[in-house]
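So the structure is just underneath, and the comments pick up after that.
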Protein chains: 4
Amino acid sequence: MARPKSEDKRDALIAAATEVIAAQGLSAPTAAIARGAGVSNGSLFTYFDTKADLFNQLYLELKTGMAAATMEGLRAEAPLREQFSLMWANWMRWATSNPDKRRALALLDGCDDITGQTRAASHQAMSDVAELVEQARADGPMRDVPMDFVVAMMSSLAEATMDFMVSDPEHADEHRGAGFDALRRMLGETNQRAAFSPR
Amino acid sequence: MARPKSEDKRDALIAAATEVIAAQGLSAPTAAIARGAGVSNGSLFTYFDTKADLFNQLYLELKTGMAAATMEGLRAEAPLREQFSLMWANWMRWATSNPDKRRALALLDGCDDITGQTRAASHQAMSDVAELVEQARADGPMRDVPMDFVVAMMSSLAEATMDFMVSDPEHADEHRGAGFDALRRMLGETNQRAAFSPR
Amino acid sequence: MARPKSEDKRDALIAAATEVIAAQGLSAPTAAIARGAGVSNGSLFTYFDTKADLFNQLYLELKTGMAAATMEGLRAEAPLREQFSLMWANWMRWATSNPDKRRALALLDGCDDITGQTRAASHQAMSDVAELVEQARADGPMRDVPMDFVVAMMSSLAEATMDFMVSDPEHADEHRGAGFDALRRMLGETNQRAAFSPR
Amino acid sequence: MARPKSEDKRDALIAAATEVIAAQGLSAPTAAIARGAGVSNGSLFTYFDTKADLFNQLYLELKTGMAAATMEGLRAEAPLREQFSLMWANWMRWATSNPDKRRALALLDGCDDITGQTRAASHQAMSDVAELVEQARADGPMRDVPMDFVVAMMSSLAEATMDFMVSDPEHADEHRGAGFDALRRMLGETNQRAAFSPR
DNA sequence: CATGAATGAGCGTTCATTCAT
DNA sequence: GATGAATGAACGCTCATTCAT
């Protein structure tokens, strides 16, 4: 059971779960997910012990995927400002390109089935992002605010920005920029200023 | 006119729904809500046509209550900065004093049963808050960002702040302050600075 | 309770029951019937102890009304053949003019709630009709068949005829005639022949 | 292919439905039917999508079975009169031997859940019977009456006859005969007479 | 007596999970 | 391991009937 026969089937189930949950909500029947994956309803339970188990694995996978997409292409040597900006762009792109994943993730986030353990692991997945934020707020006005709180605020601004980018795609770029500027202001513009006037 | 529909009973149902939903989620049985209100399961449906109807009415009531609590005691003549600060304090107090209402509201917000109409009405309920924000960002850096977006960002920061105040009550005051400062910075500190150095 | 206050209300309930049952079947809510009568749902039960009681009274009333309409204008002195023919015409007219009553009656007929007593009384209501048939079959081939059976057969032919008159109104007259002729043939044409060639 | 859907179980459900409906009417709980078939209530819905679906399939099956029983042992080469007489005997035997089926069929017939499609198919099932009637009325007095009407009349006489055979079993044979004679008279005795006096 | 809110048993259907094949 | 039939608890909602007003 540690390594079920077909990794493919597991992935198909995860993918189908994303779609179906995005479309029908968390109360979507497991049978619908199985069908979406081209698998019998019984088989779902050889890959996931429980619907809740599926939810937890899916949650973690989506969050990890999001984090990875967000950090994609970041070079540690690049100036902080550049890294930060790229991170935001990546994040927004992930959100707009993967509306199903985003919706499923949001639904799962507000769901009692998600274990503390899973939440902790998902937290872990965001550690690179957190580290970047850590640097960004380093000696700004939020220097004494708990990192988790800072990350939570940033995430919440990100979500709000995504919502507007999605609901008003004509001005998606402007919204992305407005969200980013708001974030920078919130964190304190020290690093930005530094970036602007190096010397 | 026979036994009239009792406002008390309706209120009891609304209150019970808040509690039960906070505790068990949106899939809580209507029978549990009725029991919580000390009423037969059938009676619930003389006050609400449908579970979804109950959800909509509850959502609106919670949101309206939240908005009212948030604006309580604000004097229009007072300096903007003072009003803004009091609003934030009110809001946070409502959230920490009414965790059930907050959780129920959050769950309902992500629920397909909530009508567009209901959402529109709930939007309306927040109009006073929005107006205050309108003034606060007036000639700051967000002056060209759509109001809805500004409000959404503020709300998202508020939610994040509430989460930390609740989960770490020892430092609730500091979190509240940190959230408020972050908000001010995001909106641009023009008005604050003005308030500080009137000279 | 023997004489409820308003005979009008009772009649309104009976009329509404006919309509509603014709439209929705026997499972129609009593509340719908009350509403149709412009009366509160509770009031229905001051006029009828029970839904089954309403059904019984309605059944009897419909059957009695049908029988009366069927015998309307028959002169006992008129030739049997003429009476018989008029009866048939009356019966068919009643059916085509009162489709709701007919449908309600049919539904009630196949319903377990109708008491043996009620059925006996309704039988009684048809006694005039039965008597006419009694004469018609007097010395024909059915002279030894139990009257009830003869009446039942006639009624069943009548129902079949009504069905076709209603479903194919363009040829209603022909269907009525065909049904009548079939009935006469079944009963034996002695009396008719006698009527035709008296001498 | 996993446990295949068992024909036995389906048949048990159909049989149980017949019994239960005959006993309790169409409002019989699906759970009662399932119990009668020795099956869980949920299982009923793997064999029938809906209570209405069960009703439709049952209706068709009963009607088809009745038609088959009615035509059983008829030899097309035999004289019409003999065929006709055997058909009637078969039909009456089916009715008296299967009172539950008959009652269930009657209830279903007056039920809105039965589709037009189902009715059409059930019509089809009676086509052999209809054909026989077609010949019987061929050049008699009903030669110009629509076949459906003729069949409907015959069926209605059959039902009346069955009622009396069942309710007065002591004279079942006489009733059967009386019904048959009535039918022959209705159709016109030409063919019979021809059969009697071939010369 | 009229009204309509209150009651609670009851029903059709769904669905996570199990297990025979 | 894969399949999908089997299971039965659970749920939203209805409705005949009662009873407070």
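So that the names make sense, note that chain A is the first sequence line, chain B the second, and so on, each numbered from 1.
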Do the side chains of C/Asp53 and C/Asp113 get nearer than 4.5 Å, heavy atoms only?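 No, side chains not in contact.
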Should C/Tyr47 be listed as having a side-chain N or O under 4.0 Å from OP1 or OP2 of E/dC1?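 Indeed not, no polar side-chain atom of C/Tyr47 lies that close.
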Does a side chain donor of either D/Asp100 or D/Thr18 reach within less than 3.5 Å of an acceptor in the other side chain?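 Checked: D/Asp100/D/Thr18 side chains show no N/O donor-acceptor pair below 3.5 Å.
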Option passing salt bridge (Lys or Arg N to Asp or Glu O under 4.0 Å) with B/Asp109 (candidates B/Arg119, B/Arg103, B/Arg102):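 Single pass found, and it is B/Arg119.
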Would you classify [X] as touching base, sugar-phosphate or nothing, given that sugar-phosphate means primed atoms plus P, OP1 and OP2, and contacts are heavy atoms under 4.0 Å?
X       : value
C/Ala34 : nothing
C/Ala32 : nothing
B/Ala52 : nothing

For D/Gln124, look at atom CD and say whether over 12 heavy atoms of other residues, nucleotides or ligands are found less than 6.0 Å away.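 Counting neighbours around CD of D/Gln124, 12 or fewer heavy atoms of other residues, nucleotides or ligands fall under 6.0 Å, so no.
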Toward the 5' end of DNA chain E, which comes first, A/Thr50 or B/Lys5, by nearest nucleotide?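 Looking at DNA chain E, the more 5' nearest nucleotide goes with B/Lys5.
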Consecutive-pair stems (3 or more, Watson-Crick or G-U, under 3.5 Å) for DNA chain E: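 Stems (3+ consecutive pairs) listed as E:2-21 with F:2-21.
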Strictly below 4.0 Å, heavy-atom distances to any atom of DNA chain F: list the hits from residues 35-46 of chain D, or just say none.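 Residues of residues 35-46 of chain D that come under 4.0 Å of DNA chain F are, in numerical order, D/Ser40, D/Asn41, D/Gly42, D/Ser43, D/Thr46.
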Using a cut-off of strictly less than 4.0 Å between a heavy atom of the residue and any atom of DNA chain F, enumerate the qualifying residues of residues 7-27 of chain B by number.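 Nothing qualifies; none.
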Quick one: closest heavy-atom pair of C/Ala104 and C/Leu62, and the distance?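 The pair with the smallest heavy-atom distance is CB-CD1, 3.9 Å.
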